[in-house]
A.B. asks: 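Sending over a structure as structure tokens; questions will come in a sec.
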Amino acid sequence: MFPASGKSRQASLQRELFPDTSRFFYFINMVYFCYIDESGTPEIPGNTSHYILAGISIPISKWKFCEKSISKIKAKYKLENDEIHTAWIARNYLEQSRIVDFDKMDYNQRKQEVTKSRNIELLRLQRNRNSKHYKQTKKNYRQTEAYIHLSFNERTNLLQELADLIGKWSFARLFGECIDKIHFDPIKAKQTVDEQALEQLVSRFEHYLQIVSKSQNDNELYGALIHDNNETVSKKHTALMRKFHSQGTLWTKIEKIIETPLFVNSELTSLVQIADLCSYALRRFFENNDTNLLNRIEPRIDRKNNKIVGIRHFTDTNCKCLICT
Ligand SMILES: [Zn+2]
């Protein structure tokens with residue numbers, strides 16, 4: 001058999017990845033995937049000051065390379081089969097600080113000790129008949145269970161290594177809409193926080209694709225949005241897409257992004273987890289002035305003539321932050 005040409009290899013990879021959607025891609029030269037995730041709540045006031053929608057775009061030809069480099073870092077921290085959920089990883093786990101010589105223990109011992117201490121706490125809450133507190137604690141424990149063998153420093157290192165990795169991906173671009181909800185007026189905006197965020201993010205990704213398409217003289221270059229398939233987000237985004245398409249708005253100018261967003265299981269798709277890390281890094285910056293993760297991924301923000309065009313901070317006009325100036 002003759003070796004497959006570059007194009008047919010790409011087409012078969014596309015079919016393998018997205019059997020149901022391969023009809024979109026079959027005759028297309030180059031596809032850019034934009035993995036999207038949110039951080040904070042879109043409700044006003046909600047329990048965060050900012051709502052962030054971030055997207056990281058990569059050409060399909062780099063997909064395998066990215067997934068492999070992420071897996072390598074995960075394996076180093078014994079998280080091969082676990083999802084990277086940044087906000088839960090970055091938390092302080094109180095039990096860990098209470099366990100004597102926690103840092104000196106091996107992963108198995110740490111896991112045992114934390115589990116023991118958590119079970120004692122759950123029993124205590126059950127006895128106190130505070131069912132709200134009990135349920136919340138149980139949920140927190142479940143969300144962080146995969147990471148309890150890692151100390152706070154190790155978890156910080158894990159997130160930093162992933163952010164450094166993203167920072168080095170010269171082929172990737174970061175887009176985002178970061179809304180300071182105090183300055184958001186839904187009547188003036190004529191849309192909700194999440195509608196504005198999706199519309200802005202998509203128009204920036206579209207703009208980027210048009211520039212790449214022109215510079216590479218490739219009219220058949222297209223982009224696809226990939227979202228986490230959790231029920232809330234997929235329902236919301238599908239409805240928004242429908243609304244945008246039927247009512248026009250900025251979407252009338254969308255030529256390069258395929259109409260149907262793809263919804264994937266974020267547990268299986270490391271790049272959605274990377275989008276989660278990016279949106280978290282942005283929220284930490286705007287809400288806590290924490291630049292630790294943002295500085296590492298910042299080289300990937302889409303720029304034109306050295307000016308940031310890929311991310312917008314929707315806030316007071318006098319804002320002097322890194323993104324606004
Ligand atoms: Zn700003």
Side-chain angles (χ1 to χ4, degrees), residues 34-57 86-87 90-91 156 159-160 162-164 166-170 172-209 211 225 227 233 236-237 240 244 249-250 253 274-325:
C34 188
Y35 295 87
I36 290 181
D37 208 14
E38 55 182 6
S39 185
T41 50
E43 293 81 26
I44 299 172
N47 50 21
T48 60
S49 75
H50 279 69
Y51 174 74
I52 314 286
L53 191 68
I56 181 151
S57 147
T86 304
R91 281 191 178 202
T156 308
L159 296 178
Q160 288 178 354
L162 287 168
D164 284 336
I166 303 164
K168 279 189 247 155
W169 288 343
S170 57
R173 289 295 177 279
L174 183 59
F175 304 95
E177 171 79 350
C178 312
I179 300 175
D180 181 349
K181 291 183 285 175
I182 291 170
H183 296 275
F184 184 85
D185 178 354
I187 297 166
K188 219 167 136 189
K190 295 197 183 77
Q191 56 187 352
T192 61
V193 167
D194 36 7
E195 281 170 354
Q196 173 173 310
L198 188 65
E199 189 177 68
Q200 288 293 324
L201 183 115
V202 167
S203 65
R204 288 197 188 101
F205 179 44
E206 165 74 23
H207 191 65
Y208 168 71
L209 292 174
I211 289 171
L225 304 172
H227 310 238
V233 175
K236 193 171 72 188
H237 282 180
L240 282 179
F244 290 152
T249 72
L250 282 177
K253 291 177 232 147
I274 290 300
D276 168 68
L277 187 150
C278 295
S279 58
Y280 174 85
L282 283 162
R283 194 158 66 84
R284 283 293 297 181
F285 169 67
F286 292 120
E287 293 188 348
N288 304 74
N289 211 11
D290 177 357
T291 53
N292 180 25
L293 291 177
L294 184 65
N295 280 347
R296 295 163 197 269
I297 60 173
E298 183 263 348
R300 299 282 61 85
I301 302 177
D302 193 34
R303 286 173 164 82
K304 196 180 174 183
N305 303 326
N306 272 333
K307 201 176 170 296
I308 289 177
V309 291
I311 295 181
R312 177 171 80 161
H313 185 202
F314 183 90
T315 185
D316 182 356
T317 44
N318 296 321
C319 182
K320 298 271 184 291
C321 82
L322 165 90
I323 304 293
C324 292
T325 48

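We count ligands from 1, going down the list as the structure has it; atoms in each ligand are counted the same way. Only a predicted model underlies this, so the values are computations on that prediction, with no experimental measurement involved.
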A.B. asks: Sorted by chain and residue number, which protein N/O/S atoms are under 2.8 Å from the Zn ion (ligand 1)?
C.D. replies: His313 ND1, Cys319 SG, Cys321 SG, Cys324 SG
A.B. asks: Not counting sequence neighbours, which residues clear salt bridge (charged side-chain N to carboxylate O under 4.0 Å, His left out) with Glu177? List them please.
C.D. replies: Arg204, Arg312
A.B. asks: Is there a donor-acceptor pair closer than 3.5 Å between any side-chain N or O of Arg300 and the backbone N or O of Trp169?
C.D. replies: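 Looks like yes, one N/O pair under 3.5 Å.
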A.B. asks: I want to know whether His313 and Phe286 have ring centres closer than 6.0 Å.
C.D. replies: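 Yes, the ring of His313 comes within the 6.0 Å limit of the ring of Phe286, centre to centre.
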A.B. asks: Just by modelled atom types, is the Thr325 backbone N or O under 3.5 Å from a matching donor or acceptor in the Lys320 side chain?
C.D. replies: no
A.B. asks: Do Glu38 and Lys236 pass the salt bridge (Lys or Arg N to Asp or Glu O under 4.0 Å) test, and can you show the C-alpha distance, the side-chain angles, and the key distance before you say yes or no?
C.D. replies: CA-CA 12 Å; Glu38 55 182 6; Lys236 193 171 72 188; 3.2 Å; yes
A.B. asks: Anything under 30° is parallel, anything over 60° is perpendicular, the rest tilted; go ahead and classify His237 against His227.
C.D. replies: perpendicular
